Amino acid sequence: MSLQIYNTLTRKKEEFKPVNEGEVGMYVCGPTVYGDSHIGHAKSYVSFDVIYRHLRYLGYPVLYIQNITDVGHLTDDADEGEDKIEVEARKRKLQPMAIVERYTRSYFEDMDRLNILRPDISPRATGHIIEQIEIIKSLIEKGYAYEINGSVYFSIEKFRDYGKLSGRSLDEMIAGVRVDSKSEKRHPADFALWKKAEPEHIMKWQSPWGEGYPGWHIECSAMSMKYLGEHFDIHGGGIENQFPHHECEIAQSEAATEKPFAKYWMHNNMVTVSGQKMGKSLGNFVTLKDAFEQFHPLIIRFFILQSHYRSPLDFSNEALAAAKKGYDRLVNTVLVLRQRIDLNQNGDAVPIDPETYKSKMIDAMNDDFNSPQTIAHLFDLSREVNQYLNDGKQYSTSSLQKIEELFLEFGNTVLGIIPDSIEMTSTINGAIDADLIQLLIDVRQEARKQKQFALSDMIRDRLKELGVLLEDTREGTNWKRTK
RNA sequence: GGCGCCGUACCCAAGUGGUAAGGGAGAGGUCUGCAAAACCUUUAUGCGGCGGUUCGAAUCCGCCCGGCGCCUCCA
């Protein structure tokens with residue numbers, strides 16, 4: 001089966017056909033860096049990371065752009081609020097760029113721990129003011145935008161297709177928009193491309209309309225088109241940005257270029273916390289740094305990928321604890337497999353056909369990136385492998401290696417959940433540790449031979465307290481880290 | 001109020017026309033000095049409810065009930 005992608009624009013799955021043979025362009029709305037990232041960010045960026053990884057796995061050269069919003073995202077989308085970063089800067093008595101720097105670093109830290117591949121380019125909005133101004137100028141020239149008192153607004157009535165992404169009509173928009181008599185907009189649903197800066201405003205730039213700053217939507221049009229061209233493959237983001245953010249992006253981009261903007265629009269669903277939406281005002285935020293205290297980042301990643309990216313995901317400690325057990329089971333199989341490979345035994349090939357699994361997993365991923373289905377196949381594989389590893393027979397090392405490669409191909413390369421090495425899931429490191437543990441295992445083995453079980457159990461118990469779990473098998477004692 | 005999504009076992013969660021994946025939890029068993037891990041068996045004649053289309057529906061259509069999202073900041 002060829003790759004099928006659910007396109008929000010058409011509301012159905014479509015076969016993926018790249019705009020250009022040479023390269024796939026993918027743009028995903030990045031974070032506004034005014035606070036620590038939360039589990040909602042994790043779901044979004046893990047989802048698109050897997051999409052990026054799978055496209056690369058299929059052999060597409062992908063150029064992945066994810067912006068950093070460091071200006072223009074207002075606290076109120078009626079274009080009347082303050083800039084989120086300035087608000088935070090004032091609160092902390094820091095310069096806005098210090099806030100931006102701090103939370104950009106924090107963001108990448110968290111994303112790295114989640115084993116998310118860095119985008120190829122992480123452009124900042126403030127670094128692309130000129131590009132944004134150019135688009136706005138062209139929109140004014142073409143009659144799609146108008147200037148009033150140093151601000152520029154996009155006139156949605158001029159753009160016939162406004163509403164095509166979110167399925168809204170202009171009439172609905174008028175009904176839905178907050179009535180504000182003070183507004184200088186011609187139509188209540190018009191949106192700001194450029195805002196005049198008041199004297200006390202810190203982040204501002206010179207423009208043909210005086211000192212000001214860009215609106216939120218325009219940065220994504222400017223940066224996506226700068227790096228990917230006017231018509232490119234995939235534009236992604238959270239479903240809550242479908243309207244108004246992405247709708248506005250389409251309007252301003254297509255009006256400016258007179259070409260279709262992104263070909264496939266992809267939206268990931270939201271995270272709820274114990275059944276409720278996670279929101280600033282609700283105060284039920286779970287930051288990633290907090291979540292990582294309780295659960296290893298890869299478990300959180302696994303938990304996210306156990307549901308589909310377009311499904312909502314409910315975050316709770318119980319659900320995470322259940323995911324951890326399943327995750328451990330999967331990783332345990334790989335650990336045991338590796339330990340068996342290290343023994344370098346001879347024997348028949350393991351009677352598992354990697355190609356059957358491989359094609360099932362590719363099909364699952366090709367079906368709109370169905371990671372839960374792919375994980376289910378990994379569990380099937382895991383159970384079958386465990387059967388053979390437990391049957392007392394010896395199998396050829398090369399056939400075991402083929403199985404390990406299969407685990408890595410999908411568990412690591414595509415899904416990014418299974419680590420390359422044991423150390424990756426551990427907080428303790430170092431070869432000396434491993435050698436010392438092996439020494440204790442050997443001593444304990446000797447004690448067991450002599451039936452000194454009190455001593456052998458003590459070694460096992462004390463090691464467990466230190467975060468090292470021993471498991472006796474026919475082939476000897478295996479160990480793994482639990483902290 | 002407008003637009004849209006969802007409702008699958010005790011919990012989480014795939015499946016969108018061909019007779020219900022997977023994980024967790026529970027029960028029984030095998031292995032083991034014990035434990036842990038692993039494996040085996042078992043847990044939905046049924047997919048919110050009621051109608052309809054069809055040889056056939058969890059999947060398509062209609063109505064009803066329940067939950068959620070967007071329309072205000074959000075990934």
Side-chain angles (χ1 to χ4, degrees), chain A residues 8 11 13 28-32 35 37-48 73-78 80-81 84 163 166-169 171-173 175-178 189 216 236-245 267-272 275-282 285 302-303 306-308 310-314 316 318-330 332-333 335-336 360 364 367 370-380 382-392 448 451-453 456-457 460-461 464 469-474 477-478 480:
Chain A
T8 309
R11 287 172 191 75
K13 285 182 195 170
V28 172
C29 289
T32 302
S37 305
H38 50 69
I39 51 177
H41 294 103
K43 174 164 163 75
S44 189
Y45 300 124
V46 164
S47 298
F48 285 106
H73 201 163
L74 305 180
T75 55
D76 178 327
D77 205 51
E80 302 300 333
K84 291 180 171 191
S166 53
R168 287 153 204 267
S169 69
D171 298 340
E172 290 161 16
M173 232 89 73
V177 164
R178 175 184 349 198
W216 173 38
I239 198 170
E240 78 287 349
N241 280 332
Q242 186 181 340
F243 186 89
H245 184 52
H267 292 96
N268 66 279
N269 219 311
M270 320 258 311
V271 171
T272 54
Q276 250 203 330
K277 179 187 163 160
M278 189 170 65
K280 283 258 140 62
S281 49
L282 293 165
F285 256 63
F302 172 80
F303 172 68
Q306 258 195 313
S307 85
H308 190 86
R310 282 191 286 115
S311 300
L313 178 67
D314 190 49
S316 67
E318 297 71 38
L320 257 298
K324 178 186 177 354
K325 289 186 181 171
Y327 177 76
D328 286 345
R329 196 166 131 75
L330 211 50
N332 190 57
T333 301
L335 293 185
V336 173
K360 279 183 187 171
D367 183 13
N370 195 331
S371 59
Q373 186 73 64
T374 308
I375 288 173
H377 292 315
L378 283 176
F379 274 111
D380 286 339
S382 173
R383 194 179 57 244
E384 204 179 346
V385 168
N386 285 330
Q387 277 173 30
Y388 291 117
L389 291 182
N390 273 327
D391 67 4
R448 290 179 70 208
K451 303 211 183 296
Q452 295 178 32
F453 296 121
S456 66
D457 287 352
R460 185 172 60 195
D461 291 346
K464 190 180 177 186
L469 201 65
L470 300 190
E471 288 168 2
D472 299 327
T473 73
R474 244 189 282 250
T477 300
N478 295 329
K480 59 185 171 189

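Naming convention: chains lettered A, B, ... in sequence-line order (proteins, then strands); numbering from 1 in each chain. Being a predicted model, the structure only gives us computed values, none of them experimental. Any value given below was found using the heavy atoms of this structure, including those in side chains, with hydrogens, waters and symmetry copies removed.
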Exercise. Could you write nucleotides 4-18 of chain B as a row of B, S and -, 5' to 3', where a protein heavy atom under 4.0 Å of any base atom gives B, of only sugar-phosphate atoms gives S, and otherwise -?
Worked result: ---------SSS---
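Residue A:Arg383 places no side-chain N or O under 4.0 Å from the OP1 or OP2 atom of B:A38. Phosphate contact (OP1/OP2 of B:C39, side-chain N/O of A:Asn386, threshold under 4.0 Å): present. Distances shown here put a side-chain N or O of A:Lys325 below 4.0 Å from the OP1 or OP2 atom of B:A25.
The backbone N or O of A:Lys43 lies less than 3.5 Å from a partner atom in the side chain of A:Ser47, making a donor-acceptor pair. Without hydrogens or angle criteria, A:Ser307 side chain to A:Phe303 main chain gives no donor-acceptor distance under 3.5 Å.
Residue contacts shown for A:Phe453 include a base, since a base heavy atom lies under 4.0 Å away. Contacts of A:Leu470 with the nucleic acid, taken as non-hydrogen atoms under 4.0 Å apart, include base atoms. Nucleic acid contact class of A:Gly238 (heavy atoms, under 4.0 Å, all strands): sugar-phosphate only.
Listed nucleotides B:G33, B:C71, B:A75 differ in distance to A:Phe243; the shortest reach to its side chain belongs to B:C71. Side-chain proximity of A:Ala376 to the nucleotides B:G22, B:A75, B:G33 is greatest for B:G22. Candidate nucleotides B:A75, B:A36, B:G33 were compared by shortest atom distance to the side chain of A:Ser456, and B:G33 ranks first.
Figure legend. B:C3 is base-paired to B:G69; pairs are counted as Watson-Crick or G-U wobble with both atom distances under 3.5 Å. Across all strands shown, B:A38 is found opposite B:U30 as a Watson-Crick or G-U wobble partner, with both distances under 3.5 Å. Nucleotide B:A57 forms a pair with no other nucleotide shown, judged by Watson-Crick or G-U wobble geometry with both contacts under 3.5 Å. In this structure, B:U45 makes no Watson-Crick or G-U wobble pair, since no nucleotide meets both defining distances under 3.5 angstrom. Base pairing analysis places B:U16 opposite nothing; no Watson-Crick or G-U wobble pair with both distances below 3.5 Å involves it. Nucleotide B:G62 forms a Watson-Crick or G-U wobble pair with B:C50, both donor-acceptor distances falling under 3.5 Å.
Put simply, the side chain of A:Asp472 and the base of B:C34 share a donor and an acceptor less than 3.5 Å apart. Checked by distance alone, A:Arg329 brings no side-chain donor or acceptor within 3.5 Å of a matching partner on the base of B:A38.
Nucleotides B:G17 and B:C55, compared at atom C1', are 12 Å apart to the nearest Å. B:A25 and B:U72 have their P atoms separated by 45 Å, with the value rounded to a whole Å. Of the C1' atoms belonging to B:A44 and B:A35, the separation is 35 Å, rounded to the nearest Å. Here, B:A21 and B:C47 have their P atoms 15 Å apart, quoted to the whole Å. Rounded to the nearest Å, the gap between the P atom of B:G62 and that of B:C3 is 14 Å. Taking atom P in both B:C68 and B:C63, one finds a spacing of 22 Å when rounded to whole Å. A gap of 8 Å separates the C1' atoms of B:C10 and B:G26, to the nearest Å. For B:U59 and B:G52, the P atoms lie 14 Å apart once the distance is rounded to whole Å.
Rounding to the nearest 0.5 Å places CZ of A:Arg474 at 6.5 Å from CG of A:Asn390. How far OH of A:Tyr327 is from CG of A:Leu320: 13.0 Å, rounded to the nearest 0.5 Å.
Using a cut-off of 4.0 Å between Lys/Arg side-chain N and Asp/Glu carboxylate O, A:Asp457 and A:Arg460 are scored as salt-bridged. Taking a cutoff of 4.0 Å between a charged side-chain nitrogen and a carboxylate oxygen, A:Lys360 and A:Asp380 do not qualify as a salt bridge.
Between the CH2 atom of A:Trp216 and the C1' atom of B:U72 there is a distance of 12 Å, given to the nearest Å. For A:Asn478 and B:U32, the CG to C1' distance is 14 Å, given to the nearest whole Å. Between the CZ atom of A:Arg474 and the P atom of B:A37 there is a distance of 17 Å, rounded to whole Å. As rounded to whole Å, 5 Å separates atom P of B:A75 from atom NE2 of A:His38. The distance between atom CD of A:Gln242 and atom P of B:G69, rounded to the nearest whole Å, is 15 Å. Between the P atom of B:A25 and the CD atom of A:Glu318 lies a distance of 14 Å, rounded to the nearest Å. We find that CZ of A:Phe379 is positioned 9 Å from C1' of B:G24, with the value rounded to whole Å. Taking atom NE2 of residue A:His267 and atom P of nucleotide B:C3, one finds them 20 Å apart after rounding to whole Å.
Heavy-atom minimum distance, A:Asn268 versus A:Ser44: OD1-OG, 3.1 Å. Contact detail for A:Phe243 and A:Ser166: the closest heavy-atom pair is CD1-OG, 3.3 Å.
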Problem set entry | A:Val271 and A:His38: CA distance, side-chain angles, deciding distance, side-chain contact (heavy atoms from CB on, under 4.5 Å) verdict | CA-CA 10 Å; A:Val271 171; A:His38 50 69; over 6 Å; no
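Applying the salt bridge (charged side-chain N to carboxylate O under 4.0 Å, His left out) test to A:Asp314 and every residue at least two apart in sequence or in another chain returns nothing.
The residue among A:Ser382 and A:Thr32 whose nearest nucleotide of RNA chain B is located toward the 5' end is A:Ser382. Remark on RNA chain B: of its neighbouring residues A:Gln387 and A:Val271, the 5'-side contact belongs to A:Gln387, judged by nearest-heavy-atom nucleotide.
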